[in-house]
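So the structure is just underneath, and the comments pick up after that.
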Amino acid sequence: MPSKFHNRLQLLRGNLAAEEPGARGFEKAARNPGCQLLQVLTVAGISPGTASERIFRCGAAEGQSPFAIGAGIQFEAAQFRNSGGRVLQLYRGANRLTMSESRIVDLSLDNIGAQKADMSRRKSETMALLKMKLAGDPTAPNLIIKPRISIKLYGIPHDLEPDALVASDSDRFYRVVEVKSYPDRAGKTCPSDLRSACRQSAVSVVALRQILDASGVRDSGAIVPAVADLILRKPGGYWGTLHTMKIKAEVHSIEAFLLATPFLLDTAEGNIERLSPGSSLGEPRVLDAFPTCYRDTCREFCALADRCKQRASSEDNPATLGSRIREELASIGTITRALDFLHGRGVPPSKPAEQAMAIRLKEAYSRLTEVVSHGL
Amino acid sequence: MGCDLDLVGRLGAYERGRAVRIASHQKVAIHPSAMVMSPVAMAGEDASIHVIAIGNIGISPAIRFVPDPRMRDLGDRLYGELGMLFWEYFLGCRDAGTYPQIWVSSRPATTLLDILADVLRSPRRDPMVRRFGDCLAYMSERHPVAGQQALMTATGALRQHFVTGQSPEEDEHLGKLLSWISPSPSETAVESAARVGKIPMGTKTDPKFDRDVLDPLLRKYENARRRGDTPAFLAAIERTIGASLESVAFPIYEGIQRAIRELSAASLPMMTDLPALEAKEIAAFNSFMEAIDAGFSIPKSDKPKVAARKLEEREDAEKNLRAAIILGTTTGQVAANAKGEVVSGKVTDVQVIPVGIRGRMHRVEMQSEQRVLRVRAGDRLYRMDEPRLCFLVTGVQRTGRTTTVSMRIRSGMRSIGAPSIGSFLDLAPEVPDWGNDMQIRMKINRRLANLPWTHMSGNTPRAIRKGVTPLDPLADLEMLR
Amino acid sequence: MSSTAIRMSHSPAEMADDAVRRMLRSQYDGEPIVRLDSPPGAGKTGIVERLAGLSLGRLQERCMVVTQTNEQAFEITRRMAGGFPKLGFALLARKDLDVPESVTSSGNIIVVRKFGDLPDGPCVVVGNSEKWTRWDDRADIFDLQIVDEAFQLPDHRFSQIAGLARRIVLVGDPGQISPIVTCETERWRHDPAGPHVACPEALIHRHPDVPWMKLPVSRRLVPDTVRFVQPAFYPDLPFAAMTVPGERLLKTGYWGRTIQDKAIDLAGSGASIVQLNLPAGYMGEVDDELSDSVISMIGRLVHRRAFIRNEFGEFSLGPERIGVVCAHVSQVNAVRERLSGGLSGVFVETADRFQGLERPVMIVHHPLSGRSDATEFHLDAGRMCVMMSRHSVACFVIARTGIDRMLDSYMPSGNRILGIEDDPEFEGWNAHRRLLRDLGDAGRVIKLP
């Protein structure tokens with residue numbers, strides 16, 4: 001039976017169908033805590049892609065290349081083929097599992113099926129396995145492939161599928177494993193890829209902690225530490241590499257997002273009531289009422305980045321010129337005002353910070369025109 | 001403070017709707033025989049070249065592609081061909097006593113070449129594929145070195161000379177950057193950047209293009225191969241694939257050529273030390289070629305000795321480039337002055353103090369009104385118009401907005417002489433020392449000929465007792481006082 | 001708020017002496033290498049001095065002492081020469097380096113400009129790490145190498161001097177600013193023992209079995225400061241203060257009634273850290289109003305004839321006993337230009353330059369003050385730790401309101417490095433938040449109008 005929160009969310013969405021955010025959705029919402037728009041959309045179950053396409057009518061999101069999707073699937077399949085042979089090999093190589101620690105349960109779609117009932121089965125089997133491990137059952141598996149767990153957002157469960165959970169016999173509980181076909185380039189590995197992998201793992205860590213809390217287990221934070229194993233791709237082939245990362249910051253960001261949910265819901269309802277009573281988040285002007293906090297990095301993950309840039313641009317926001325300039329001009333607020341100071345026109349600076357900035361801008365501009373006059 | 005030029009430049013560009021030049025001098029060399037290339041990988045296959053447009057400056061490119069880079073034999077054929085091309089180019093550069101220079105679009109292209117360099121050097125690969133890997137490894141190895149002239153990104157080179165009215169991250173898209181540098185008359189830079197921003201300018205194709213064009217073609221090709229269709233039929237599909245890939249690689253190649261034209265068209269005077277940077281490039285290249293001749297190649301990872309040497313050499317290159325920009329470009333000097341690195345002021349006192357029997361020491365005092373100054377006692381400063389004259393700072397005293405810098409002349413007194421009272425001085429914090437890297441190399445090679453145990457794996461050496469420990473070693477030691 | 005508990009079975013002084021004894025014993029035992037971690041002001045220089053004294057005076061060895069700057073070399077040579085007047089010491093210095101008279105005038109110090117002029121046989125030679133990397137390979141190696149401020153020495157430089165002695169002691173403070181490497185390090189940064197890493201950290205990764213000792217007591221910081229600094233910046237290095245509460249206090253000769261006076265009075269009642277918040281605002285790097293507040297704080301201290309009461313007696317708080325630490329050079333300049341004649345003795349520097357130094361009273365220009373977001377530089381736990389641990393009596397932090405809100409809306413960017421488990425940006429972010437919260441909870445935050 002739908003809870004009152006379900007109803008509230010349904011009202012917020014209007015005629016848009018609920019979308020499951022998945023680990024990716026949660027991690028995106030947690031990346032930029034200043035962006036209330038993305039957070040509200042995620043809580044309401046509207047993806048940024050849908051908002052861009054169906055609410056703002058900005059055209060369809062680009063999506064992923066079929067080749068990239070294919071390569072990802074193939075890489076993942078290669079790791080879990082033959083009962084997770086390669087994954088076990090990696091863990092043995094890292095002295096994390098012994099030869100005898102090879103109990104594997106495969107809950108992947110291929111093994112169980114993709115029907116609704118199969119999903120429920122995967123979830124219940126995962127829960128049973130987690131309980132086995134918690135109870136110290138020596139027959140608990142060492143590797144669970146594609147478990148299905150859920151994370152609760154304001155009491156509403158959202159299903160997640162971490163790639164795997166792993167534990168040696170002596171470990172108290174499982175650790176999250178994230179398999180990504182991103183190339184492992186050691187210190188040169190793409191930071192954006194790593195950010196996404198770590199934060200997605202963090203969503204599963206928070207979900208596991210919630211499960212433990214709900215089961216009455218004390219100290220879930222210690223049992224499920226903020227740590228994840230990443231299996232990335234060795235460039236040029238389908239072999240994986242194993243790295244352990246502490247993900248305290250990422251877990252904190254997910255937890256902070258979950259904690260903000262009641263406030264976000266109230267704000268969303270308040271905005272609708274104020275701007276267009278009886279309407280929903282499906283109205284562009286309602287969405288435009290939420291602060292966005294546009295940053296360059298938004299392009300990495302959010303389908304609304306272009307729209308937010310346009311909005312920042314129309315608001316004369318220095319963020320459109322990059323994060324450094326946003327910080328530099330924070331005391332002034334707008335690009336136009338900065339340009340006024342630069343040329344010594346408009347309303348004179350009123351605050352000491354503006355005064356100091358006006359002098360700096362004017363001085364620097366005159367120096368620049370002096371040395372590269374024909375460049376201006 | 002020092003970034004103020006960039007800040008006002010960006011504001012100015014935003015206002016004018018056109019990029020603003022922020023360099024007084026050309027800071028990168030454009031080698032007349034440089035190669036220009038735009039490799040494009042297949043999405044999800046980060047160690048592949050699907051298509052590459054390759055040529056020289058001002059020349060139409062040759063397009064090379066493989067129908068499906070996931071088929072290793074096809075890929076290796078292309079890499080072997082490129083290996084041959086590169087090696088000939090490298091040999092030609094050696095014969096001409098110069099250095100190879102490759103221009104690519106932006107950072108993702110250097111990343112792709114770096115990945116390929118690692119993957120293609122596997123001993124299991126064909127020798128010419130490995131050679132291609134070696135050449136790329138050399139380029140990738142040089143790329144992070146400050147002032148290098150081997151592997152140039154068009155965006156990087158342009159950004160050293162122009163700022164735009166968009167964010168620095170957006171500047172990494174070559175098309176968008178060029179839209180600001182030479183906007184078309186029919187649209188604003190913002191409109192143009194928004195339009196061209198959708199065109200791939202890195203190393204990946206557009207996902208929609210992959211979905212709608214490439215994927216169906218590749219499936220057709222794969223099916224034809226499986227079915228054993230005629231070579232003519234296969235060749236026809238290959239040609240179609242090639243033509244569609246060319247439509248991706250060619251605009252990137254053209255963008256790089258346009259970037260080079262824009263840089264040349266600025267007609268800026270060369271930075272004074274640009275020839276020195278090119279000489280360093282020739283030396284580095286010769287050293288690489290000698291290593292190849294001797295059967296060595298660049299290691300994928302560094303042992304402690306090599307790591308120590310490379311890091312010190314990189315720091316040295318960084319320091320030299322910084323100094324070269326300050327001494328050799330007006331904008332560099334102005335920026336360093338704003339940052340407080342260059343000290344500018346008026347000489348208020350010069351004293352000659354006898355030292356020993358015949359020696360003399362020249363003390364100079366100058367006053368600066370700069371708001372920010374980074375100078376401290378113990379620093380060395382060099383006269384910018386006569387860098388042979390070196391001062392040692394002996395004291396810095398700030399009173400209100402005025403800073404008094406006390407110095408003594410450390411070297412150059414005989415050839416240049418002391419400044420006169422009332423004269424104005426601009427003093428730089430460093431001067432390039434182009435021979436220092438050789439000294440670093442020799443020092444580290446000598447010092448780390450035998451690596452200390454602390455930097456090797458293995459057990460810690462056994463402790464060897466040093467006599468009998470007193471009952472209370474602290475009390476025993478205190479008795480020594 | 002709870003600092004990691006220290007077992008107080010002995011007095012802090014006894015604990016400190018026991019730690020020194022353990023170090024000295026390790027030398028009699030002939031340990032090839034020892035890493036010694038020290039909290040701020042735990043008497044590192046004293047340990048270096050004693051180790052060198054032991055090596056020369058008792059073990060009759062050749063001992064080399066490695067510092068990171070010339071100033072540190074001067075200071076340590078002076079300390080050793082004063083501490084062990086019967087022993088002789090050598091200072092290795094560049095040909096044109098001006099050596100202060102306080103060093104050259106000492107009867108038991110010789111200044112050596114060339115390697116060939118070093119004494120044969122047992123000796124103690126002090127020089128900076130750069131100079132030591134140029135040591136003549138043909139010369140005799142040393143029996144003991146003591147590296148002071150080892151956490152400022154990157155491993156690539158350590159590799160060049162590690163082979164110069166049979167035994168090594170690395171002494172340093174793990175909570176301070178990491179070594180500064182100016183070039184691109186992508187190639188090595190995944191390696192926890194890479195050439196850019198602080199040498200004690202790299203050493204432990206390569207040789208996890210090396211003896212690792214920790215100093216348990218800070219002589220500089222008072223208990224009230226330790227309760228804020230230790231949990232925020234040294235979660236893995238529990239330590240106590242040498243002094244007892246109230247032993248060191250800031251006192252004043254006159255009363256005052258400005259807001260700054262309230263902070264001074266709070267410090268007088270034993271609150272060793274007090275934060276003064278100006279109204280919120282985005283101010284850019286140079287905040288003139290904040291610089292004015294720094295000066296007015298110094299002015300109030302001087303005007304009220306502040307003095308220090310500590311274990312050695314009472315001392316008036318002259319400008320030379322006050323320090324100001326900022327994150328940026330531009331902020332240093334902004335403060336310096338406001339120091340009029342009488343206050344010119346106040347030492348103003350960046351955190352980087354303040355490492356290893358101390359003043360009885362410090363004024364901290366908060367690195368996150370007036371910012372709309374935070375970068376890795378500003379969040380750096382090492383930088384803030386240096387700023388918050390230079391005082392031996394009292395520290396006044398001048399900031400702008402709103403840092404906590406800024407931190408909440410600015411999560412670390414998550415620029416992680418594959419292979420490096422730790423996340424220094426988050427640790428810095430967390431340390432800042434914890435310190436702010438703890439100061440707030442303890443009633444140490446005062447609003448300035």
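Throughout, protein chains are lettered first and strands after them, A, B, ... in sequence-line order, and every chain is numbered starting at 1.
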Fill in the blank from the handout: Interatomic distance, CZ@C:Arg157 vs CG@B:Leu311, rounded to 0.5 Å, equals 10.0 Å
Measuring heavy-atom distances to chain B, does [X] have an atom under 4.5 Å in its side chain, in its backbone, in both, or in neither?
X        : result
C:Gln60  : neither
C:Asp191 : neither
C:Leu203 : side chain
C:Glu61  : side chain
C:His328 : neither
C:Thr133 : both
C:Ile180 : backbone

Contacting moiety of [X], where chain C heavy atoms sit under 4.5 Å:
X        : result
B:Ser301 : backbone
B:Met479 : both
B:Arg376 : side chain
B:Val145 : neither
B:Ala307 : both
B:Lys310 : both
B:Glu478 : side chain
B:Leu373 : both

Could you pull out the closest heavy-atom pair between [X] and [Y], with the gap in Å?
X        : Y        : result
B:Arg371 : C:Asp288 : NH2-OD1, 2.8 Å
C:Ser159 : B:Leu448 : O-CD2, 3.0 Å
C:Thr182 : B:Glu315 : N-OE2, 2.9 Å

Practice task
For the residue pair C:Phe158 and B:His455, categorise the inter-ring angle as parallel (less than 30°), tilted (30 to 60°) or perpendicular (more than 60°).
Solution key: tilted
Tell me which of these, [options], has more heavy-atom pairs under 4.5 Å with chain C than the rest.
options                                : answer
B:Thr399, B:Leu451, B:Asp476, B:Leu392 : B:Asp476
B:Arg309, B:Met456, B:Lys305           : B:Met456
B:Arg465, B:Arg401, B:Lys319           : B:Arg465

Is any side-chain N of the basic residue among [X] and [Y] closer than 4.0 Å to the acidic one's carboxylate O?
X        : Y        : result
B:Arg314 : C:Glu184 : no
C:Asp98  : B:Arg408 : yes
C:Asp352 : B:Arg374 : no

Practice task
Verify the distance criterion only: is there a donor paired with an acceptor across the side chains of C:Asn333 and B:Arg398 at less than 3.5 Å?
Solution key: yes
